[in-house]
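All remarks here apply to the structure that follows.
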There are 2 protein chains.
Amino acid sequence: MVQSIHRAFDLLTALAVEPAGLTELARRTDLPKSTAARLLATLQDLDAVERADESGLYRLGAAFNALAGSSSRTDLASLAVPHLHNLTNQTSETSGISIPDGYRVHYLIQVDSDNPIQIRDWSGELIPMHAVPDGQIYMSEWPDERLERYFSLDPVSFTAATITTEHAMRDRMDLFRERGYTWVMEEFVEGLNSVAAPVKNDAGKVIAAIHVYGPAYRFPIDGTQSTIGEQVVKAADRLARSIVRAGVTR
Amino acid sequence: MVQSIHRAFDLLTALAVEPAGLTELARRTDLPKSTAARLLATLQDLDAVERADESGLYRLGAAFNALAGSSSRTDLASLAVPHLHNLTNQTSETSGISIPDGYRVHYLIQVDSDNPIQIRDWSGELIPMHAVPDGQIYMSEWPDERLERYFSLDPVSFTAATITTEHAMRDRMDLFRERGYTWVMEEFVEGLNSVAAPVKNDAGKVIAAIHVYGPAYRFPIDGTQSTIGEQVVKAADRLARSIVRAGVTR
DNA sequence: AAACCTGTTCCACGATGTGGAACAGAACGT
DNA sequence: ACGTTCTGTTCCACATCGTGGAACAGGTTT
């Protein structure tokens, strides 16, 4: 075991209680002041702690928000994988999961189908909300002023079919609220269709969305839009229950 | 600078990209395998990383959620302090801020008034939602089934005035939605009144609440309920704007 | 079956982390 | 104004702790 790392985490844990000066931290962690000073200087270098200018008090730094964010995204992605496999098996198309990130959709992972004609992998990428079904679901929870602000920024018209007006988006959102899922037909990329449904936490808040997409020439097969939509909704609900059981917080 | 701590954080940063095995992590961080193994064992001991049983892959552990949670609570509390001072000056009573935490309200900090007759400090404590105005605000955003579940658990009657039925709480929530703030008169503690207003993020979600409380014999002074309520709403809105400017995420 | 790769463990070694001491400056009490 | 106490910073002699190469077991791939 590496003693220095244990000691560093002792200091971080002490700071989680409340901010403190060097001498107080040394006292809380039973370390000599010079040892604590050196460890804190290193943690400061790593943005794991920061120092308030006037008071000289140490407090936890921004590094953990990034690590915790990544940790919870990884948790969510792990939980989603079996559900996405099931969905891909059912639909024979690529499925994936995303989370909202400001005005964009953050694709976490996707599960490809066996079909030789594949969809490229958008995992890790950030796509504007209006262009994809996940984003349209997230936007449907926004207050009016946020929606207004978004459309005042002239959203990109990716294809001739992209929705770029608030009015048209409200119509789309009404459809979503009616059905519980939303379809996007060649609005982001020519030749690509997709459908998504929301994943909600115990408090009813949309924390993620799962989607299926495929090439427009074969997806969806005529007359199957609502069947596929319902399958995505069911998969999203099952994932939501897994999340509650696993105690993954978002 | 402490080399071991830098190396440990290099490993953590590598894991934030995606989970990996020992050899891959050693490669990503330019460390000998034995060094990486020892550092990872220590991080595992600290719950900073965990090991998937079957695959043997390492991934970030739960420790950061706790540290990030604490870090962001500290950020929020720091931002709130000047607003709470203003509110305490205006009302001559104790003010404070809370966040929701499951079925309870987590009081972060409070700012006392100069009055010698003081309210005890609940900072750090967790109080059931139904008994305090902050909690009643949080509950007003819940889906029906969550509210139903809460009241099926026979909430504690702290005083004769405590609301313990779903029906009565819905009436209270209607009043809240009408006014933008909510009063609680001796429902939690005999002789204690309080008023709260929600703090919302850019997406319109209630992330915290701020409140003022005082002894019932002097607070509120007759005829000042709506004036004080509005003051709390304004302070909450100003805090919300500070939060957006500071980029503090919740 | 052989080659290759991963993860684990050991231990000789010396580099790094340790911690006491000294110091400057601020805060506090008289 | 002065003495005392406390905090934070820095130095450096020292030896403990962290290092990393090597060996090994077991699984995977060819």
Side-chain angles (χ1 to χ4, degrees), chain A residues 1-63 67 71 74 77-78 81 85 112 114, chain B residues 1-63 67 71 74 78 81:
Chain A
M1 287 314 173
V2 182
Q3 172 182 253
S4 311
I5 299 175
H6 271 284
R7 287 175 156 188
F9 272 75
D10 285 347
L11 286 163
L12 293 170
T13 303
L15 281 173
V17 174
E18 63 176 342
L22 171 70
T23 302
E24 174 57 22
L25 283 168
R27 193 180 293 126
R28 286 184 198 170
T29 54
D30 234 1
L31 293 170
K33 280 197 295 180
S34 49
T35 304
R38 191 178 37 258
L39 294 168
L40 285 165
T42 302
L43 290 170
Q44 204 169 345
D45 209 37
L46 294 160
D47 287 324
V49 305
E50 65 186 23
R51 196 108 181 257
D53 288 334
E54 278 168 33
S55 64
L57 297 182
Y58 292 90
R59 43 191 264 129
L60 291 174
L67 289 172
S71 173
T74 304
S78 297
V81 162
H85 274 290
D112 293 323
D114 288 334
Chain B
M1 290 313 175
V2 182
Q3 171 183 254
S4 310
I5 299 174
H6 271 282
R7 288 174 156 189
F9 272 77
D10 285 346
L11 286 162
L12 293 170
T13 303
L15 282 174
V17 175
E18 64 176 339
L22 172 67
T23 303
E24 174 57 23
L25 283 169
R27 192 180 296 126
R28 286 184 199 169
T29 54
D30 233 5
L31 292 170
K33 281 198 296 182
S34 48
T35 304
R38 187 177 42 259
L39 294 168
L40 285 165
T42 302
L43 290 170
Q44 204 170 347
D45 210 37
L46 293 161
D47 287 324
V49 305
E50 66 186 22
R51 195 105 179 257
D53 288 335
E54 279 170 32
S55 64
L57 296 181
Y58 290 92
R59 43 191 264 128
L60 291 174
L67 288 172
S71 174
T74 305
S78 297
V81 162

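In what follows, chains carry the letters A, B, and so on, assigned in the order in which the sequence lines appear, proteins first and then strands, with residues in each chain numbered from 1.
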Between B/E24 and B/R38, the residue closer to the 5' end of DNA chain C by nearest nucleotide is B/E24

How many Å lie between CE on B/M1 and P on D/dG18, as a whole number?
-> 18 Å

Validation row: B/R7, A/I5 side chains within 4.5 angstrom (heavy atoms) = no

Here the pair of heavy atoms bringing B/V2 nearest to A/S4 is CG1-CB, 4.0 Å

Chain B contact limits on DNA chain C, taken 5' to 3' with a cut-off of 4.0 angstrom to heavy atoms | C/dT6 to C/dG17

Qualifying residue for side chain to side chain contact (heavy atoms under 4.5 Å, CB included) with A/L39, from A/L12, A/L25, A/V49, A/L31 = A/L31

In whole angstroms, how far is the C1' atom of D/dG20 from the CG atom of B/D30?
-> 13 Å

Would you say a side-chain N or O of A/R27 is under 4.0 Å from OP1 or OP2 of D/dT7?
-> yes

Would you indicate what B/S4 reaches in the nucleic acid, counting non-hydrogen atoms under 4.0 angstrom: base, sugar-phosphate, or nothing?
-> sugar-phosphate

Taken to the nearest 0.5 Å, the spacing of A/D10 CG from A/Q3 CD works out to 10.0 Å

Closest-nucleotide ordering on DNA chain D, the 5'-leading residue of A/Q3 and A/S34 = A/S34

Over how many whole Å does the gap from B/R7 atom CZ to D/dG18 atom C1' extend?
-> 9 Å

Contact check, side chains of B/R38 and B/T35, non-hydrogen atoms, under 4.5 Å = yes

Taking every non-hydrogen atom, the tightest pair across B/R28 and B/A20 | NH2-CB, 3.5 Å

